[in-house]
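Chain A is the first sequence line, chain B the second, and so forth, proteins listed ahead of strands; every chain is numbered from 1. Atom set for the values below is all heavy atoms of this structure, side chains included, hydrogens, waters and symmetry mates excluded.
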4 protein chains.
Amino acid sequence: MRRTKDDAEITRRKILDAAMVVFNQYGYASARLEDIAAEAGVTRGAIYHYFEGKPEVYTALLNERFEGVNNLVGSIVSDGGTPKEVLGKLLTKILVFMEENREYRMVQELVLFKTAYLPELEEGMAHKVKSTEATISFIDNLIKEGIQCGEFDKNIDTRAAAIAAVGLFSGVSTLWLLNDKMFSIKKYAESIVDCFLSGIINK
Amino acid sequence: MRRTKDDAEITRRKILDAAMVVFNQYGYASARLEDIAAEAGVTRGAIYHYFEGKPEVYTALLNERFEGVNNLVGSIVSDGGTPKEVLGKLLTKILVFMEENREYRMVQELVLFKTAYLPELEEGMAHKVKSTEATISFIDNLIKEGIQCGEFDKNIDTRAAAIAAVGLFSGVSTLWLLNDKMFSIKKYAESIVDCFLSGIINK
Amino acid sequence: MRRTKDDAEITRRKILDAAMVVFNQYGYASARLEDIAAEAGVTRGAIYHYFEGKPEVYTALLNERFEGVNNLVGSIVSDGGTPKEVLGKLLTKILVFMEENREYRMVQELVLFKTAYLPELEEGMAHKVKSTEATISFIDNLIKEGIQCGEFDKNIDTRAAAIAAVGLFSGVSTLWLLNDKMFSIKKYAESIVDCFLSGIINK
Amino acid sequence: MRRTKDDAEITRRKILDAAMVVFNQYGYASARLEDIAAEAGVTRGAIYHYFEGKPEVYTALLNERFEGVNNLVGSIVSDGGTPKEVLGKLLTKILVFMEENREYRMVQELVLFKTAYLPELEEGMAHKVKSTEATISFIDNLIKEGIQCGEFDKNIDTRAAAIAAVGLFSGVSTLWLLNDKMFSIKKYAESIVDCFLSGIINK
DNA sequence: AATGAATGAGCATTCATTCAT
DNA sequence: AATGAATGAATGCTCATTCAT
């Protein structure tokens, strides 16, 4: 039995890792704290020592596991480039990231397929709506910049295009997560994104 | 009190209508048969008289409520037209149908946001994967036809384009269902679909 | 397995009888629904079929088991007599009733010793305070009448005397319930009540 | 940080003070050691440093907080006087003490309303029964002395009178603690006690 | 056709308690 | 002296499901 602060951090991490596994196996609603505890090698009590309850375990898990992409997005944006380049890289690289990064793929599956609306998760849902809106706005602006520098066709409806971009991205992600044997994202990502970009470039 | 076959049919329908409401309110997992019964003005026993159990109520509901779109798709396809016309109509009209048809919108929300993976619904998930694959194949073929008749660019990867089409479609649907205040589908559908089509047309 | 309406009433009664036994054995807080169910020969589910939860079982039990005394009080009052007679009978007969009526004694013990303040029982506590106040008022009036008809000393503070009466009554009850071997109520009731009455009669 | 014996004593006291507050707020059964610790500004571990467990905290609290009345009783008895005087003073002064001494009132409420029978407190209950019996005997003797010196009526049943005295006392206390807005003890104590004493004095 | 009585398995949550540091 | 990590036992409550009527 270990009881130092470092061990505490290790235990917390073990619980979160276990939660990822168990939530993905049974879905959030059917996942039992008991199973998470067993998977983590601790008792249910330990979970309650670190988290308020089941919803909080879920929220903490999401917050942690989304850090990866957030960093990826940050670095792509700060890397710079023309609007078209940035938009293309953003869409392509995150799609590829999903296929290469097991952790990220699992959270996505958890969020998309293994979690349904539940009053106790309401808060998280609201957050998702807001962040989606923010993404659309961000891309809308990117396309506007692209029009100004002559990369994109000035006749397109920038908001519609932004919605199409985000929709395409999330739709394709979902399709692939639904059945990764249907196609390889790594292989198709560029073609798919090109298909979209060539629909808005200045011809 | 006499009970005719019609009465029985009415009760069955009342239960299904109630299920739609309750599943959408609480999500499949948290919805209680008790609530469905109350909403339908009957008791739990009646539900068991018409359905095997909760999963069967859900399945029956989906089967019935998807009939509308299936008919729409059928009529669009049988209406004929060039591949590009058919593809365009298909994507646009279903998007619009979703905004206009309350019932269809509710099933979509139920399926996308209010239902998560559950062993008892496994069968339905498998069905979804298969039907998605069928849709991709169908569009893949449509695009191939379009290339042959010179409507689409012969250099595009038809499968990638089909995936993009389905992904775009489902992604935009999801986006709108997530927050119908974010944008009006009726207004954007054509622009969005055009954005996609102009990415694959023969220039 | 019986499923008629009459059986339902029997089951409800069995649950309440069992609750009386189990609450008295472990105290309200420590009593387990499991034990009540076992004692009643049903499952926990059956309890929830009839009652909202543990507090409601308790409340229902009290309401039912206090009917006996309420009837006794009613009949004593309606029997009539001079104020002194009524007051004397009231105090004496209820004290005796407690020793003779096993059910009533058990509720009293339950309320006095086996139940402590709990937020979930708040409602019941408020009711107790009110009914105590009503009793004091009732006796206050009885004494006032007694003064008018010359039975009681006109110099006494009627409210103080009423409080003394109710206090004496409940205090002695409590004492006896605490240890029925300390004294026999049947034997002492009259002496004790006389001791009080001779303190307020008109000498 | 140096920790002297005084510091230790201070911590112990803080825990006991906190226990008084928390036990009165939630009742013994529902009071959490966690809450007591928080109220005392320490952690649960500290409580276990000073006490064996929850029952021992409770017992220690009672022992300490009853000292006040015990001293009062002692001084009244040693002050001397005729039996009637001593008995009258005893009853009156303790009633008044309850209204004036916040600490004493709180223990009484704790014992009477906030603590129910629990196996772990069995010991304390037995002690209460014994001490009640001792009090009755003490008063019984006091009354016997009063009869011998001609203060009390020689025809009364001394044990019944003693029981009435203790019952009256505890009943009135309980009544007041139940709702201190119902009446002021300070104001009524003498009338109430007089009412009792005039029932047994030698007329 | 429909009711409603009763079951029983399932589970999150609470907390007193232990103990290494 | 005091902390805080972790345990583990305990239990109220929910609900899908069964079935006699």
Side-chain angles (χ1 to χ4, degrees), chain A residues 1-12 15 30-37 41-55 120, chain B residues 1-5 7-8 10-12 30-37 42-50 52-55 57 120, chain C residues 1-12 30-37 41-55 57 120, chain D residues 1-5 7-8 10-12 30-37 42-50 52-55 57 120:
Chain A
M1 219 179 302
R2 300 171 187 167
R3 320 225 164 191
T4 67
K5 249 177 200 170
D6 284 350
D7 294 323
E9 186 45 36
I10 289 170
T11 302
R12 201 190 117 97
I15 291 171
S30 300
R32 296 160 44 202
L33 250 27
E34 173 68 51
D35 292 331
I36 295 178
V42 296
T43 58
R44 282 211 290 289
I47 298 182
Y48 283 95
H49 185 67
Y50 291 99
F51 306 94
E52 295 274 311
K54 199 178 169 184
E120 64 195 64
Chain B
M1 206 191 303
R2 265 205 295 159
R3 318 236 178 205
T4 67
K5 249 181 201 169
D7 287 336
I10 288 169
T11 303
R12 202 191 116 97
S30 299
R32 296 161 47 201
L33 249 26
E34 172 71 49
D35 293 331
I36 296 178
V42 295
T43 59
R44 263 170 304 177
I47 298 181
Y48 281 93
H49 186 71
Y50 291 99
E52 295 273 312
K54 198 179 171 186
V57 172
E120 65 195 65
Chain C
M1 218 179 300
R2 301 174 189 167
R3 318 223 164 189
T4 67
K5 247 175 203 170
D6 283 352
D7 293 325
E9 186 47 35
I10 290 169
T11 303
R12 203 191 116 97
S30 300
R32 296 161 43 201
L33 251 26
E34 172 69 51
D35 292 332
I36 295 178
V42 295
T43 58
R44 282 212 290 292
I47 298 182
Y48 283 96
H49 185 68
Y50 291 98
F51 306 95
E52 295 273 311
K54 200 178 170 183
V57 173
E120 64 195 65
Chain D
M1 205 189 306
R2 265 206 293 159
R3 317 234 179 208
T4 67
K5 248 182 202 171
D7 285 335
I10 288 170
T11 302
R12 201 190 117 98
S30 299
R32 296 161 47 201
L33 249 28
E34 172 70 50
D35 293 330
I36 295 177
V42 296
T43 59
R44 262 170 304 175
I47 298 181
Y48 282 95
H49 187 70
Y50 290 99
E52 295 274 312
K54 198 178 170 183
V57 173
E120 66 195 66

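The side-chain hydrogen bond (donor to acceptor under 3.5 Å, both in side chains) check on E52(D) picks up nothing, with sequence neighbours excluded. Checked against side chain to side chain contact (heavy atoms under 4.5 Å, CB included), Y48(D) has the following partners two or more places apart in sequence or in another chain: L33(D).
Looking only at distances, a side-chain donor or acceptor of Y50(C) sits under 3.5 Å from a matching main-chain atom of A8(C).
Contact annotation for F51(A): no contact, since no heavy-atom pair falls under 4.0 Å across all strands.
Looking at every heavy atom in both residues, I36(A) comes nearest to I15(A) through CG2-O, 3.8 Å. Here the closest heavy-atom approach between residue R44(C) and residue A37(C) is recorded as N-CB, 3.7 Å.
The distance between atom OH of Y50(B) and atom P of dT17(F), rounded to the nearest whole Å, is 19 Å. Note: CD1 (I47(D)) to C1' (dC15(E)) measures 12 Å, nearest angstrom.
Which of dT7(E), dG4(F), dG4(E) sits closest to the side chain of T43(D) comes down to dG4(F).
Ranked by how close their nearest DNA chain E nucleotide is to the 5' end, R12(C) and A46(B) are led by A46(B).
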Summary of protein contacts for nucleotides 9-14 of chain E, nucleotide by nucleotide, where a base hit scores B, a sugar-phosphate-only hit scores S (4.0 Å, heavy atoms): -BSBBB

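Pairing of dG10(E), defined by two Watson-Crick or G-U wobble distances under 3.5 Å, is identified with dC13(F). Under the Watson-Crick or G-U wobble criterion, with both distances below 3.5 Å, dA20(F) is paired with dT3(E).
Between dA5(F) and T11(A), no contact under 4.0 Å exists linking OP1 or OP2 to a side-chain N or O. Dashed line: the shortest gap from a side-chain N or O of H49(A) to OP1 or OP2 of dA5(F) is under 4.0 Å.
With rounding to the nearest 0.5 Å, the separation of NE2 in H49(C) from CZ in R12(C) is 11.5 Å.
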